[in-house]
Amino acid sequence: MRKAERARKTNETDIKLAFGIDGEGKADISTDVPFMTHMLDLFTKHGQFDLTVDAKGDTEIDDHHTTEDIGICLGQAFLEALGDKKGIKRYGSALVPMDEALAQVAVDLSNRPHLEMRAAFPQAKVGTFDTELVHEFLWKLALEARMNLHVIVHYGTNTHHMIEAVFKALGRALDEASSIDPRVKGVPSTKGML
């Protein structure tokens, strides 16, 4: 099983995370940011990963540091769990509806980190969660996992639904990209490395 663990303790957060690529969609997630807990649960289930997160942070200030540091830890764990990337499909994409919302995610596990995000959320908050933190989480995930990540929310009117569609699509796209294809010999690149 391809898996990894990460811990990050700063003056702002204390995070312990375990991630398995070849999982069963099992999530054991405890954070001080309830909306992120919900989104990570969806990501795990739809990606068929296994994810354990215990995250505490200075949420009396806001949810920024905790959300960002979870993205950092998850990205690092994902990269380590991928190992040498031999036999992976490398690319993955998913188009996911959530009621009136439609989100699309495409990834390339290329070792060239980049995030492109096209999403106009109607509300600045979902509950107490600042919706601008979705970008922050995804950017840190892409950076630390060294992936090229494109996110498009085509439309929607309910901000919660729009973000939920993104996290479901992210899980499904990463599941596809990290899947082993027995036809692939070595790494899927003409350069001979990723």
Considering only residues two or more places apart or on different chains, which pairs with a residue in residues 37-50 satisfy salt bridge (Lys or Arg N to Asp or Glu O under 4.0 Å)? none
Taken to the nearest 0.5 Å, the spacing of I88 CD1 from S178 OG works out to 7.5 Å
From CZ (R172) to CG (L95), nearest 0.5 Å: 11.5 Å
Which heavy-atom pair separates M1 from G20 by the least distance, and what is that distance? CE-CA, 4.0 Å
Does anything in residues 31-54 pair up under ring-ring contact (aromatic ring centres under 6.0 Å, His included), and if so which pairs, sequence neighbours excluded? F19-F49, F35-F129, F35-H160, H38-H160, F43-F49
With heavy-atom distances below 4.5 Å as the criterion, would you say the side chains of I29 and T52 are in contact? no
Please table the atom pairs, donor to acceptor, closer than 3.5 Å between any side-chain atom in residues 67-83 and protein atoms at least two apart or in another chain.
residue	atom	partner	partner atom	Å
T67	OG1	D63	O	2.9
E68	OE2	K140	NZ	3.2
D69	OD1	R8	NE	3.4
D69	OD2	R8	NE	3.2
D69	OD2	T13	OG1	2.5
Q76	OE1	R6	NE	3.3
Q76	NE2	E144	OE1	3.2
E80	OE1	R6	NH1	2.6
E80	OE1	R6	NH2	3.1

With side-chain contact (heavy atoms from CB on, under 4.5 Å) as the test, pick out the partner of M117 among L149, V134, V166. V134
If you look only at pairs with a residue in residues 161-194, which of them pass as a ring-ring contact (aromatic ring centres under 6.0 Å, His included), with sequence neighbours excluded? F137-F167
Nearest-0.5 Å distance that lies between atom OG1 in T10 and atom NE2 in H65: 8.0 Å
Is L174 linked to I152 within one hydrophobic cluster, defined over Ile, Leu, Val, Met, Phe, Trp and Tyr using a side-chain heavy-atom separation of less than 4.5 Å? no
For D58, the salt bridge (charged side-chain N to carboxylate O under 4.0 Å, His left out) test, sequence neighbours excluded, returns none
Please list, chain by chain and in numerical order, all residues satisfying side chain to side chain donor-acceptor pair (under 3.5 Å) with E116, sequence neighbours excluded. H114, R118
When every non-hydrogen atom of K9 is compared with those of D14, the smallest separation belongs to NZ-OD2, 3.5 Å
Would you call E100 and N158 a side-chain contact if the rule is heavy atoms closer than 4.5 Å? yes
Atom CD1 in I21, atom CD1 in I180: separation rounded to 0.5 Å? 8.0 Å
Taking atom OG1 of T131 and atom NE2 of H135, what is their separation to the nearest 0.5 Å? 12.0 Å
For the residue pair E5 and A18, what are the closest heavy atoms and their distance? CG-CB, 3.8 Å
Any pair counted as salt bridge (Lys or Arg N to Asp or Glu O under 4.0 Å), so long as it reaches residues 18-37, sequence neighbours left out: R2-D22, E24-K26
Say whether V96 and I163 are linked into one hydrophobic cluster, either directly or through other cluster members, by side-chain heavy-atom distances under 4.5 angstrom. no
Can you give me every donor-acceptor pair (side chain of residues 184-191, partner residue at least two apart or in another chain, under 3.5 Å) with its distance?
residue	atom	partner	partner atom	Å
K185	NZ	P182	O	3.0
S189	OG	K191	N	3.1
S189	OG	M193	O	3.4

Among pairs that include at least one residue of residues 152-165, which meet salt bridge (Lys or Arg N to Asp or Glu O under 4.0 Å), considering only residues two or more places apart or in two chains? E164-K168
Minimal non-hydrogen separation, V105 against A169, with atom names: CG2-CB, 3.6 Å
Indicate whether the side chain of N148 and that of R112 have a donor and an acceptor atom separated by less than 3.5 Å. no
Counterpart residues, salt bridge (charged side-chain N to carboxylate O under 4.0 Å, His left out), relative to K125 (two or more places apart): D130
Which residues pass the side chain to side chain donor-acceptor pair (under 3.5 Å) test with T37, not counting sequence neighbours? T31
Hey, quick one: are V107 and V151 part of the same hydrophobic cluster, counting side-chain heavy atoms closer than 4.5 Å, chains of contacts allowed? yes
Sequence neighbours excluded, every pair satisfying side-chain hydrogen bond (donor to acceptor under 3.5 Å, both in side chains) that has a member inside residues 82-97: R90-D108
CG-CE distance between L133 and M36, expressed to the nearest 0.5 angstrom: 9.0 Å
Taking every non-hydrogen atom, the tightest pair across T66 and A55: CG2-CB, 4.2 Å
